[in-house]
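In what follows, chains carry the letters A, B, and so on, assigned in the order in which the sequence lines appear, proteins first and then strands, with residues in each chain numbered from 1. Everything numeric in this text was worked out from a predicted model, so none of it was measured.
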Protein chains: 2
Amino acid sequence: MARERKIDMVILGLLSHEDLTGYEIKKRIDGAISFFWKGSFGNIYPALKDMENQGLITKSDTSVGERERITYHITKSGRNRLKVWLKEEQVSNELKYETLLKLFFGGSGSREVTVHNIEIFEEQVKKDLRVLRTYYETLERSQGVEDHVYYSLTVSFGIETYEAYLKWCDKAKKMLEGRA
Amino acid sequence: MARERKIDMVILGLLSHEDLTGYEIKKRIDGAISFFWKGSFGNIYPALKDMENQGLITKSDTSVGERERITYHITKSGRNRLKVWLKEEQVSNELKYETLLKLFFGGSGSREVTVHNIEIFEEQVKKDLRVLRTYYETLERSQGVEDHVYYSLTVSFGIETYEAYLKWCDKAKKMLEGRA
DNA sequence: GTTTGATATATCATTTTGATACATTATATG
DNA sequence: CATATAATGTATCAAAATGATATATCAAAC
């Protein structure tokens, strides 16, 4: 993770649409984005401080009464930083499937355990797929907005790959149960 | 990443098959495993030291001449640790697609940039798919070995998902070029 | 004979994770 | 209406992962 802090791009991307607090940023990441990226408070708050010092974002106090609230706004410099990143050639997609790790080392356990692990994965995928399909239907009903194209494509990416997962689960279970 | 150090399981899994040095462990991870997990020296060496202290592995000096070489061997306790992990219910598959992040925030750039980013992804996937298919063919030609079932399934997982990626790339490009 | 690449161990700064601490405000439940 | 519970909000910390770099030996190519 050394080198370029990726969370910066997530934050800038979100702030390019609307002003947000750190907490709200976390909520956004936990939504549709969670299918292809993650973030935590321990990640977000330091990044916000740092980016403010760099002049990529500005903060404004929007506290109500006793309740502390710091809303962040993207600057021209921040928008530029985002554009530069979008144009950068090299991308790193980091995939870590503990499920496959367990499968790969499955020889150290029993076949039943391996099959069970696949079933756990299958259940999770089915659950996520339901959520993704709900997103997709909502998008279908509200067409025309330019940004929706991009959103829609990420959701369809999820649906496409998750369906491939399920197809594989079926195949894998059959193979392990000696039916293939 | 706090909590349970996952690299331990990768190392134990590899050592359950053969004795290895830290360098060799890195090489194994960079092979077929790299499609679903990663590891670095800064990760492996401290883990080896720590696991040796815990009694999960033992080290033996196999240096040749001046050349330093520390070979690690899994203990009964280590094998047990591996089995316990295999049986653990909760798994976390952490997927980080910078490609999708760029797509999601594509509205901040131009359509051409977005399409180009998809093409970069597409090229990488095609390249990886060729490697995976080579693995698969090699496996087909050497059947019968029990462990091959597990290996074969991870490879087929990769092929299945990478094919889904390509299918999506096609769809996405068409959509962005207004052909859908 | 010398440059290049593979083998080998190790550490470091930076980033991410996941948990926790602490406090306020809104909402639901009895 | 009181009170419990959930949501909002900022912040920090230890542990773990990343990616780069340092250092050195040995084999092979040129």
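Using a 4.0 Å heavy-atom criterion, one finds that Arg69(B) contacts the sugar-phosphate atoms exclusively. Gly22(B) comes within contact range of the sugar-phosphate backbone alone, with a heavy-atom separation under 4.0 Å but no base atom that close. Lys49(A) comes within 4.0 angstrom of the backbone, heavy atoms only, and of no base. Heavy atoms of Ser40(B) sit under 4.0 angstrom from at least one base atom.
The nearest whole Å value for the distance from the NZ atom in Lys38(B) to the C1' atom in dT16(C) is 13 Å. If you measure from atom NZ of Lys6(B) to atom P of dT16(C), you get 18 Å, rounded to the nearest angstrom. Straight-line distance from the CD atom of Gln54(B) to the P atom of dA15(D): 13 Å, rounded to whole Å. Between Glu94(B) atom CD and dT17(C) atom P there is a gap of 7 Å when expressed in whole angstrom units. In this structure, Glu98(A) atom CD and dT17(C) atom C1' are separated by 14 Å, rounded to whole Å. Rounding to whole angstrom units, CD1 of residue Ile25(A) and P of dT10(D) are separated by 9 Å. A straight line from CD of Glu4(A) to P of dA20(D) spans 12 Å, rounded to a whole angstrom. Protein atom CZ of Arg67(A) is 12 Å distant from nucleotide atom C1' of dC22(C), rounded to whole Å.
Of the side-chain N and O atoms in Lys96(A), one or more sit less than 4.0 angstrom from OP1 or OP2 of dT18(D). At least one side-chain nitrogen or oxygen of Thr21(B) sits closer than 4.0 Å to the OP1 or OP2 atom of dT9(C). The phosphate of dT9(C) has OP1 or OP2 within less than 4.0 Å of a side-chain N or O from Tyr45(B).
Residues satisfying the side chain to side chain contact (heavy atoms under 4.5 Å, CB included) criterion with Glu119(B), sequence neighbours excluded, are Val115(B), His116(B), Glu122(B), Lys173(B).
Placement of Phe157(B) and Leu95(A) within a single hydrophobic cluster is found when ILVMFWY residues are connected by side-chain heavy-atom separations under 4.5 Å, directly or transitively. No continuous path of ILVMFWY side-chain contacts below 4.5 Å connects Val91(A) to Phe105(B), so the two sit in separate hydrophobic clusters.
With contacts defined as side-chain heavy-atom distances shorter than 4.5 Å, the pair Val125(A)/Glu163(A) does not qualify.
Place Ile44(A) and Gly65(A) on DNA chain C by their nearest nucleotides, and Ile44(A) ends up nearer the 5' end. A residue-by-residue look at Asp8(A) and Phe41(A) shows that Asp8(A) has its nearest nucleotide of DNA chain C further toward the 5' end.
Comparing dT7(C), dT9(C), dG9(D) against the side chain of Tyr23(A) picks out dG9(D) as the nearest.
For Arg3(A) against dT18(D), no side-chain N or O and base N or O form a donor-acceptor pair under 3.5 Å.
Not one N or O on the side chain of Glu177(B) forms a donor-acceptor pair closer than 3.5 Å with the backbone of Lys174(B).
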